[in-house]
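This report concerns only the one structure given below.
This one's a predicted model, so the numbers in the text were calculated from it and none came from an experiment. Below, chains carry the letters A, B, ... as their sequence lines are ordered, and counting in each starts from 1.
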Amino acid sequence: MRSILLQTICRFIIPFLLVLSVFLLLRGHNEPGGGFAGGLIAASSFALILLAFGKNEMKVAMRFDPKSIAGIGLVIAVLSGFPAFFIGEPYLKAIWFMLPTPLGPTKVGTPVIFDIGVYLVVIGITVSFLEDMDE
Amino acid sequence: MVTIEIFLIAGLILAALAQPIGRRLGSSFSLLATLVPLSAFVWGITSLQTLPIISSRPWVPSLGLDFSLRLDHLGLLFWLLISGIGTLIFIYAGAYMKPKELPRLLSILSVFMVAMLGIASAANAITLFLFWEITSITSFLLIGFKGEYENSRKSAVQALAVTGIGGLILLAGLILLGTENQTFEFAQWTSASPIAITLVAIGCMTKSAQFPFHFWLPNAMAAPTPVSAYLHSATMVKAGIFLLAKLSPLFGPQPALAWIGAITLVWASVLSLGERDLKRILAWSTVGALGLMVMLIGHGTKEAAEAVAYTILAHALYKGALFMTAGSIDHAMGTRDALQLGNLRRHIPTLALPAILASLSLAGIPIFAGFIKKELALAAFEPATGIPFLIAIIISAISGIIVAMTLTHRIFFQSQPEEAELHHAPTPGLWIPPLILAVLGLLVGAFCLPIGEHFIQYVAATIHGSEVKNHIALWHGFKLPLFLSIGAIVTGFILNPFWPRIRTSLENLPKTVTLEGSFRALNQLTNQTSVGITMFYERRSVRDHMILNFGAFLVILGVVAAQNPMTLALPNGPGILFHEVVLLLFAALAAIVVIFIPNRLGAVAVLGIVGVAMAITYVTFSAPDLALTQILIDVLTVVLFVLIFAKLPRFKDILTKNQKLTNATISIVFGSAMTLLMLAVLSAPQLPSINHYFAETSYTLGQGLNVVNVIIVDYRALDTMGEITVLCLAALGVHTLVRLKVKSGGQKQ
Amino acid sequence: MSVIFVVLIPLLMAALLVSLWNVPKGRKIIALIGSAAHALAGVWLLTTVIQSGAVAKNISGWIPPFGIEFRADIFSATLVALASFIGLCVTIYAHSNIDDERTNFGFHPLFFVLLGGISGAFVTADLFNMFVWFECILLSSFVLLGLGGEKKQLRGSLNYVIPNLFSSMLFLTGLGLIYGATGTLNMAQLAERTAQINPSTAALITVVFVTAFGLKAALFPFFSWLPNSYHTPPTAVAALFAGLLTKVGIYAIIRFVGTIAPTTAAAIIPILTIICVLTIVIGSIGALAHTNLRKILGYLLIGHIAFMLLGLIVPTQASMAAAYFYMLNHILVITCLFFFVGIIQWHTGQIDIRKIGGLQAKYPALAVGMAIPTLSLIGIPPFSGFWPKIGLLQAASETPLFFASIIFSSFLTLLAMAKVWMNIFWRAEVTETPEMPPCPTTKALPAYLLAAIILVISLFPAPIADLTNRAASEFAPYFQINRGDQ
Amino acid sequence: MTELAVAILTGILFTTGVYLLLERTMIKFLIGLVLLGNATNLVVFTCSRLVRGAPPIIPKGEKILQPPFADPLGQALILTAIVISFGVLAFTMMLIRRTYDAIGSDDVEDLIEPLGQDLTEKESAP
């Protein structure tokens, strides 16, 4: 299974996949994509590493404990609903504001933050599955 | 008036205090405890002139339930019996029980007494039922008082089973009556449907040990004697009589009931001759007396009502005394086997007097209460129409003579080949209470007139529902009842010498004939059936259960579909294009192929193809987000499959042909049902969907162009939150399963 | 405060406890505080609803029916309050019942998600959202059931998982169908629209949902998962499952038929009656067959669960009120009994009644305490189980079959519990049991507390009866549609 | 017509899924679950009506989505459902694997508790 060919392809493709996943996450609000799709793409790249190099490599590539990433994602998602309380709105009510970025002003809102949480959860969970299944 | 409640509460307080205080005071505690029943008794006598005593307070208003009490003459009769005999029983128990056991016994007995007083004074069906069930439970606890013996436990559960099912049937009857009359107050009941009457009557029959539910009572003799004397002769078993009597104005004469009573009377009178255990002899005799009462209530005439009223009183007096005496004999001699007892007048002379006095009453010898009871009963039936009932009474009278002779002449004055020796001489507490009752039996008989005029007459009026004249007298003249009485007495004395032979032949009756055997067989059958059904159901694989689940769902669906015929039409959606046909066919083919692939990885590969086909379907019908997610999930699923399959065995084809056929049938029917359900939905246009709102506001309010994504992270973000929580749980679960070491059942290390 | 908190608090607690994964010390205390907060939120919700009527709150600020709405009327608020209270009791009990190993594997977060899911399922006014909470309940219960990793737990797990997945599948299918027909997911709007679609289609969709929920509620013949799984997990988990899980299924059925699709009730009432009667009969029979205390209680649970649907079968307010009263009482009683079984297990190391004996002599307090829920379960007056039974019988007098089955079930319950009682309390000790340290307070406290509450309800049932009556009145449209004369 | 065809496909997916769920080998459950997941998603998808070539994405520069458009709500529901069933599938996989480890067989008939097995367990000590 651990063919050189696969490993070589991986080296090329994985950075691309990771960038793509972030791209999908960020553009998700306006075009197909979003936290799920982005997270799954990222997770797929880790699955590739697992198949091509083995579990240890995947753990190294992951750097963090996947469960912590999932936990952080969940906490981010849950917390993204809280700002609404401060302006007397119901839980999870979206709040939008303009954020100046190097690429020009960008609209940022709690739904985006929520989506990032989803993204992290999906990555963390899927990698955790992979890790545990390959026991 | 709150007086009634005060006594009820006092009884409960006594029950609560029995354990802590009783343990310190020892057997003298029982004397202290008698204060409660004694005061209730005294109060009962003094309040004779102020009847009826009424009290009512709301309890559960929304159910229309009040806690209402009403003490009338019938109730007062019971009240006096319960409290009066209760007083004596408390004293008796103090002498009879071991000091260690006494507090617990008195505690349960007090609860029981409260419940009986409650029954006597209840004015509301639910209130009555409340107390009724408490008596069943306390009876269970008391019969099983010595629960370490298997016999006690069996008898206890038997009694509970019979009175328990009876209680529920009674409840059913009472509820029907309550629903029918729109109230649970007895006083306002005006109509009674036959079914309700039947249910109530069955309930009363179980409690009062009527044929064919009678067998629990002799077995209840496993209880300590104070309990037998109190519950199973004087009071609790009469609760059914009480309720029948209370409701008899509503129910009217019930010939069926009279017949049941007669059968019980004869059957029990005969079987009382087949026992050798004194308590069991008395228990059968009690069943007979209860049968007599039911017979009279069922008969329903004024004379019968009077006879019932008097019988309740007379029976309680002599039977209570006899039970206590039997218990004292047991206590003194270490046995209550009639065949091993003899010459008791030498060993325990103090017990001779109560035994003789009470037995004379039981035998129906003139001037004793038992005599008048019998006369009244005989007078209640017309010689022309009531011959079977008269015969029943005569038979019981004959049997009563023999029993009385056994209890006195045989054991006190004759000697036996194997005689038991004296263990301890009875203390006063063991012979004074029965003596008091026995003497009362004499007094009630000898001075019957005032009691009848001042009390029994009114009780009879309550039972019959209209005024009843007093017939109670020692001398009625040379009429039929007297001749019958004399005839019975003479026959009894003639038959008495043959008792041992009669006993042996009756003892050898097959168990099934005595119905107790049938009950045991029924009980066993129930147990076996339940175990059988349950094991049959439980010891099945998950596959069998799923077949049941799918099958049941399909059956329900089919039944409802048959009752509500569908009108199916072709959906008026877009026409199909060629490449879509190919795509769908391809997906269907792949799905079917998955079933038949024997190779694990091959199956997964084809499964992946199904997923891809799904993704293409999504993209064809304008769902790019779905397609993207589907394809990614598909890939990851395949990866997981590959990883997990490394640790699992290869596919095996272990289904038998029949099993395959079952699978195929169920799955095809299920699949078709689903298609039809979808068609049912699709053949009508969808009501205006709420999705137009998302289309209109997704950008203006939701700040996003991708409506699906806006729904996921904004409109329905809570769903998504739940969903990622589920994901986290799944990861936690997988992690847990991986890490936990499987232990082989049983003990944890 | 807002109604969202009854769901948010447990979920936050779960997140917090997950992040404390590697901090063994404080977890139990934090869990206790969290449970107490949840119970407070539940009580707050109930008092608010009682005082000022149903509370509705949309999530994400979108007006219903477009956004998700939480709506608590008395019917659901009482259940939430009760669930959160039971949750608190279980947390206390779990303090000594759940060992370190299980704590390390996340008992507490799972428990909180389960609690949050249950609360969410009770208060949500959106059908798909309910599905999500059901999945939360499902997954957390899967994992809780498997915690411990004993062989028989694994044996039971698959029996639990597969039927429940079937139920989820039906739920989702039903969602697709009902959304396809009505174009909405909001319960209030669904209630209007189910009357407008083809009645036959509506009836069939109801069958799909009722089957899905009926499986959760362990109705005949969908109950196979229950007896196979309830006897394996630790007491705290089993008590939580027994007390609440099946009731969520019952709640969903009542909510669906009573609120969402009342017009379809006529089509399914006959078949529902048969199902209920069979459930009652088979469950009670099963209880008689077993000697394992947990299994006996599990089967009795099945035998009693169908009573709670009488409010649908006989569409009157009185019957709904009685069924609801029964349900509330049953939650308390069955949880309490499971706690006591746990205490018995602590003392003797056994849960098989053939091997336990002599408890009355050794632990009289236990006998007194356990008598209360036992008598209530049987329905002996004046114990709390009796009050709703009067109403049930009155209501069921219209359907003789149901009437008879209530009597039958009560009788078998009586027999089964009498058998238990005689064996474990009266009989002399069967096997030598090693001296155990006295039962920890954290185990005894919730058991006796619940027993005390049951006793109070027994003697003063009027407030509960009023409450259930008001809760039942919330189904007035259902009664009107199906009876017409009210 | 299209909807009919997809409904039939859904029925076939249900059929195959249920068939596999009624297998005796536990592993086949897993494949059955995937097929059933797909089938239920198709139910939701089809019942929210099929539309060609009109994804629910507002074109750049416009403010609202003009009909006809494919139902975004149905798609969002499916998206949620897909992910949930993925998680459930993973859990079930591991459960089946552990069960196999413990029992040593993948035949569900062997999962039935052996008769006479000691059903008691010890309450965990403090």
Part of [X] within contact of chain C (heavy atom distance under 4.5 Å):
{"X": "B:L65", "result": "side chain"}
{"X": "B:M678", "result": "both"}
{"X": "B:I556", "result": "both"}
{"X": "B:F129", "result": "both"}
{"X": "B:L679", "result": "neither"}
{"X": "B:A561", "result": "both"}
{"X": "B:P58", "result": "neither"}
{"X": "B:F670", "result": "side chain"}
{"X": "B:N527", "result": "side chain"}
{"X": "B:L176", "result": "side chain"}
{"X": "B:R104", "result": "side chain"}

Kindly say whether the aromatic ring centers of C:W426 and B:F140 come within a distance under 6.0 Å.
-> yes
Could you tell me if the ring centre of B:F553 sits under 6.0 Å from that of C:F222?
-> no
Less than 4.5 Å apart, side chain to side chain, heavy atoms only: is that true for [X] and [Y]?
{"X": "C:M422", "Y": "B:V157", "value": "yes"}
{"X": "B:H545", "Y": "C:P163", "value": "no"}
{"X": "C:W62", "Y": "B:F694", "value": "no"}
{"X": "B:N691", "Y": "C:Y179", "value": "yes"}
{"X": "B:L557", "Y": "C:L204", "value": "yes"}
{"X": "C:W225", "Y": "B:V542", "value": "no"}
{"X": "C:P382", "Y": "B:I134", "value": "yes"}

Between [X] and [Y], which heavy-atom pair has the shortest distance, and what is it?
{"X": "C:I68", "Y": "B:D719", "answer": "CD1-OD1, 3.5 Å"}
{"X": "B:Q686", "Y": "C:G180", "answer": "CG-O, 3.0 Å"}
{"X": "B:L168", "Y": "C:F411", "answer": "CD1-N, 3.3 Å"}
{"X": "C:F166", "Y": "B:N549", "answer": "CE2-CB, 3.9 Å"}

Without swapping roles, check the side chain of [X] against the backbone of [Y] for a donor-acceptor pair under 3.5 Å.
{"X": "B:W59", "Y": "C:L459", "result": "yes"}
{"X": "C:R193", "Y": "B:P688", "result": "yes"}
{"X": "C:S200", "Y": "B:N564", "result": "yes"}

Please collect all side-chain hydrogen bond (donor to acceptor under 3.5 Å, both in side chains) contacts where either partner lies in residues 171-180 of chain B, sequence neighbours excluded, each pair once.
-> B:E180-B:S191, B:E180-B:S193
Which atoms of [X] come close to chain B, meaning under 4.5 Å heavy atom to heavy atom: side chain ones, backbone ones, both, or neither?
{"X": "C:I406", "answer": "neither"}
{"X": "C:V143", "answer": "side chain"}
{"X": "C:F403", "answer": "side chain"}
{"X": "C:F408", "answer": "neither"}
{"X": "C:L375", "answer": "side chain"}

Option that, when pairs with chain B are counted at under 4.5 Å, heavy atom only, ranks first among [options]:
{"options": "C:L11, C:N129, C:V113, C:T184", "answer": "C:N129"}
{"options": "C:L415, C:V208, C:N186, C:L138", "answer": "C:V208"}
{"options": "C:L158, C:T468, C:D126", "answer": "C:D126"}

For C:K295 and B:E538, run salt bridge (charged side-chain N to carboxylate O under 4.0 Å, His left out): C-alpha distance rounded to whole Å, both residues' side-chain angles, the deciding distance at 0.1 Å, then the answer.
-> CA-CA 11 Å; C:K295 281 211 171 192; B:E538 229 176 82; 2.6 Å; yes
Would you tell me whether C:Y299 and B:T534 have side-chain atoms, one donor and one acceptor, within less than 3.5 Å of each other?
-> no
Give the table of side-chain donor-acceptor pairs shorter than 3.5 Å for residues 720-729 of chain B, with sequence neighbours excluded, one pair per line with atom names and distance.
{"residue": "B:T720", "atom": "OG1", "partner": "B:I712", "partner atom": "O", "Å": "2.6"}
{"residue": "B:T720", "atom": "OG1", "partner": "B:R716", "partner atom": "O", "Å": "3.4"}
{"residue": "B:T725", "atom": "OG1", "partner": "B:M721", "partner atom": "O", "Å": "2.6"}

